[in-house]
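Just below is one structure, and these are the notes that go with it.
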Amino acid sequence: MARAAISRAPVSRAVVRAPRDTAHEGFLTHRRGLWWKVALALSLVVSAAYALIDQSPRPNGGTALGYGLGTLGALLILWLSLLGLRKRIITRGAYSLKAWTSAHVWLGLSLIVVGTLHSGFQFGWNVHTLAWGLMMIVILTGLYGIIVYARLPEQLSANRQEVTQPQMLEAIRALDAHLDNAAQPLGPDDAALVRLSLEKTDIGGSLRQRLGGSYARDGNARALAAVRGEVERQRLAGKPDQRLAQILFLLERKEAALAQARRHIGLKSRLEIWLYIHVPATFALLAALAAHITSVFLYW
Amino acid sequence: MTAHFRIAIIGSGPAGLSAAAHAASLGLAHVLLEKTGHLSDTIYKYQKGKHVMATPAQLVLRAGGDTPFAAGKRETILGAWDARATELKINVRYNAEVTAIAGTGEAIPGSVQKIVTRKRDGSSATTELQRHAPPYRLTLADGGEILADTVILAIGTQGNPNRLACPGGDSAHVQYQLDDPGEYTDEHIFVIGGGDAGIENALGLAADPAQANVVTLVNRGAEFSTAKDANVKALLAARDAGRISIMTGTTPRLVEPGWIVLDTPDGEVRARADRIIARMGSAPPRGFVEACGIEFTSGDRLAYPKLSPVFETTAPGIFVVGALAGYPLIKHCMNQGHDVVEFINGNRDLKPADEPILEAKFAGLPGRRSVADWLERLRSRVSILGGMSPLQMREFMLDSEARFVPAGEIVFERNTPGSSLFGIVEGEVRVEVDPANPAITVPLAAGSIFGEVGLISGRRRGATIRAGSDCILVEISRGAALKLMSAVPAAGREVTRITTTRSLQQIFKSGLTPDDLAGIIATAKVETVRAGEALIREGEAGDDIFIIRSGSMVVEKLIAGKPVFLNYVPAGSYVGEMAVIDGGPRSATVRAAVKADVIRLEGAAFRALLDAKPELLARLRADMADRTRLNNFIEAKKDSFRGLVDMYTGVANFLVDQGVGEATDVLLIDEKLCVGCDNCEKACADSHDGLSRLDREAGRTYAHLHVPTSCRHCEHPHCMADCPPNAIHRGPTGEVYIDETCIGCGNCQRGCPYGVIRMDKVPPKKPWLLSWLLFGNGPGPGEPPKAWAYKHAKKGVETPKKAIKCDMCAGQSGGPACVRACPTGAAIRVSPEQFLTVALLERGAD
């Protein structure tokens, strides 16, 4: 990640452009790390208050500080959950989704401190601890999200090699067409192997395959292994069948194309999968939070 | 006996047909000669079902015109015209190609035309042609002859396709156009010619494997030098996919029924050919037109015939209308067809159809003059307009604006974008040369021009201009100014001289007057440098100094045997001053990033100037100290961070290769941050009628820096070069945008070397976002899928395909939506001089 352009090359010119914000910073360091500083300060202030302010008989959500922390936490949770809307509503005004993400990430992490101190470390099998638990699930999945956002884009870019996803799929389709052509003169047994590749190949595969990256039992992999064995056997016996050697070549190319597409899909899945827990858990958290607040006021 | 007509009209396109229709309704003896077997061949050849547009909207179609026209489907328009031609009993002769027109009357004394023909080797020959008075004899290709008192030439600019010269070239299976590639199946087809037309035809024929055509493209050269890059790439991809065969260095030798014989680099080849499509370019109609005794305004390839206000050429009684006269739009053509027949019929008071438009342009000016008066006043007052004819002035004024500016008002401000040129008709303006002190001004008097730096370099305005007294100014759009400079060469030279003087004044400041500069201007030469060519080479002797007029340069230095990128130099800057000052050899190599125009000033003359102006020397030394510091910085880095300096050079060269050198504003994506959410594309679509103007994933990548397919807002946009309705402009914040007058012709899309313009229909409106979020209505954020748009399109309403491109979200206070909506900060929009700096080094250093 890079910092803003600090120095400029000395270029003499007649026409100077108007200055414009082109800061090239990632969301973690947005505005020279403004939001991690804010979040850290918030956590320190809250911790100091917890340590220094006398809460008798014991730290609890019901003391003055507890109410304060609870209100702060609830407001934070509400605001943090609005990121999903902000991302989708494209307005014309000056806003930066990067700034929102930056604040979302760092303030979200500080919620660990705010929320936990609000509980006064009293946990039990009740709706209050359920809300805390859901909050921790949301935060921890978010933490995982930060880690993959920081590490995977580089791999995604390197794997893509300037090829777009539709082009990857198109390349596989083109190889299928070649395979289909090349298989016409083959005998039924060999043709069945090609059909195995054409019909039993699942590019994306199951979720487990996408995350694990193991496609050894897939149609093309099995067809490739069988044809490779067959060509090898023929080679040892003398001259291999040229048509089958051509099939082997195409299957190998398809396997390579599949591998690239699958790495791409796998990386994209890992960049997204956590959201499938993060977002529903947020909705559950909002519900639990409502129950927690209502019950506290009803049964107080 | 040869038939004799009052009017012979050649060409049955919108202009010719409208002329014939008017002649028929006036009951004049006329004949309409059409080369092909149907009316309006150019529109006839449009793709089936194409939506033909009727722009400019402000131009009215003559109420007295006899031919109907409104925007609509090709078939509807052609049908209406055919019906009208029958109804008016227009005397049409089909398949009548005119090969020569000659006067049969007395020789006109003193009326001799010189025709200059240029040969390929650069030499030229001049033939003289004595003009004869009407009536004219029109010789037809089939040997027939026609006599006519007046001739209306409405043949357009398409010309005639070049024919296959080899034996058998006139066989039945040789054709010169391809209307519908889907028509042919199971054929062996040879496409001759590796230009855009040939490549597009070949790709079309091979596009659908189900058609099972065996397509071969034959190209005379080894490379496809005249075709667009995108087409060549598509062709090579099609070859690699096995869909097309390519034969380069090959020419046809003989055509036999069902076969073709070719000369290839490896010898003669005979191949099966069910169909041969020859796309070898076309001969422009200029030769034919000149042979009729019609003079052109200049030798320029794009020049038009010289015309009087009533469209009469230098050959009395021969008139030129339509695209050949320089009016490519259908409504223009139809109006002119009507008008020219009125003129021939003796109506000399007819006001042109554009009269109301021009009236509106002059309406705001003081001193109630007629349009003709104003045009004459402009022409006689503003020096560079002096060489124009009244008809050229009308045309010129349609693309220009006349403005009254009260004393003290600002005409334009420093640093605002703008590429128009201003001429001072009355009054004077003051140039605020010093941004720090607006009191220091230089006056410019009536007759002079300003704004030429923006025009030439495409960069922002260099100074604020304020009206010194009440002024009348004429603002000339870039397109009109370029047309003017090519039509009137003296105007071009004058603009160049003024530009050179003023850019010297602006760059070197130090109170230089035009008199100080006269000596050095005399040595100035404008030179064009091809992309990648070195202007200055490190280590060579030489002390000329160069001002970059348009385009941009990169500065490189050899360090440890490898060229290291030092700097990016935009238009408006100068290079080469170090050698003048320290007298040593060149200290670095300067190479053109894109095709660039430079002004070369001789070192000796420049040194004389420096001797006379010590403060200029001091200024140059200060600039030079900056550059030396940069050199030292790189030198210092290279030992400790060898890899880093290489990376810096690599990234800089990559960006220059991607056209960043001619960009003014480019979208870059840091792929170390991009998570592939495509929110940039969604934001783009949602802030622009539901169509995304950017393709994030496509495009090149180097060192995780990705240049997506998205507009770079070039200094001299390629898309603007050939827009018939002039719908592409540069906006007030520097963006290049397409306005609503787009006719969907696709010229800009073909002209863009970066493939950032798409032709598409605006999809129907989506349901509200919350209704999608809560109830799943509609397709959600971003561009709706084609199927959804098709299903929800309003029935019975035809939405035309128009050109769509990035407008930098002009008018949206937040700036570009793609950048605003990027959640991780991967997307940034920068100008090259902001990005191609040592900041790149710091990028790598983290």
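Below, chain A is the first sequence line, B the second, and so on; all start at residue 1.
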In residues 141-155 of chain A, what donor-acceptor pairs under 3.5 Å come from side-chain atoms, sequence neighbours left out?
{"from": "A:T141", "atom 1": "OG1", "to": "A:I137", "atom 2": "O", "distance (Å)": "2.9"}
{"from": "A:T141", "atom 1": "OG1", "to": "A:V138", "atom 2": "O", "distance (Å)": "2.8"}
{"from": "A:T141", "atom 1": "OG1", "to": "A:H278", "atom 2": "ND1", "distance (Å)": "3.0"}

Inset, instruction - Just give me the residue among B:A817, B:S813, B:G814, B:P823 that pairs up with chain A most often, heavy atom to heavy atom, under 4.5 Å. - result: B:P823
Inset, instruction - Can you see which heavy atom on B:R549 is nearest to which on B:A571, and at what distance? - result: O-CB, 3.8 Å
Legend entry - A:T101 and A:R86: side chain donor to acceptor below 3.5 Å: no
Legend entry - chain B contacts, top residue of A:K268, A:Q165, A:H30 (heavy-atom pairs, under 4.5 Å): A:Q165
Inset, instruction - May I ask you to check whether A:S269 and A:E272 show a side-chain donor-acceptor distance below 3.5 Å? - result: no
Inset, instruction - Report yes or no: do B:E671 and A:S157 form a side-chain donor-acceptor pair below 3.5 Å? - result: yes
Inset, instruction - Go through the atoms of B:C809 and report whether side chain, backbone, both or neither lie under 4.5 Å from a heavy atom of chain A. - result: neither
Inset, instruction - Could you tell me which portion of A:H178 (side chain, backbone, both or neither) has an atom closer than 4.5 angstrom to a non-hydrogen atom of chain B? - result: side chain
Legend entry - Proximal component of A:I90, with respect to chain B [non-hydrogen, under 4.5 Å]: side chain
Legend entry - Greatest number of heavy atom pairs closer than 4.5 Å to chain B - which of A:R88, A:Q167, A:Q161: A:R88
Inset, instruction - Would you mind reporting whether A:W36 and A:V105 have side-chain heavy atoms less than 4.5 Å apart? - result: no
Legend entry - Between B:D686, B:N679, B:L770, the one whose heavy-atom pairs under 4.5 Å with chain A are most numerous: B:N679
Inset, instruction - State, without any angle test, whether A:K254 and A:S197 hold a side-chain donor-acceptor pair at a distance under 3.5 Å. - result: yes
Legend entry - Atom group of B:L668 that falls short of 4.5 Å from chain A, counting heavy atoms: neither
Inset, instruction - Among B:C677, B:P781, B:A821, B:G815, single out the residue with the greatest number of heavy-atom pairs under 4.5 Å to chain A. - result: B:A821
Legend entry - chain B contact via A:A99 - which portion, at a heavy-atom distance below 4.5 Å: neither
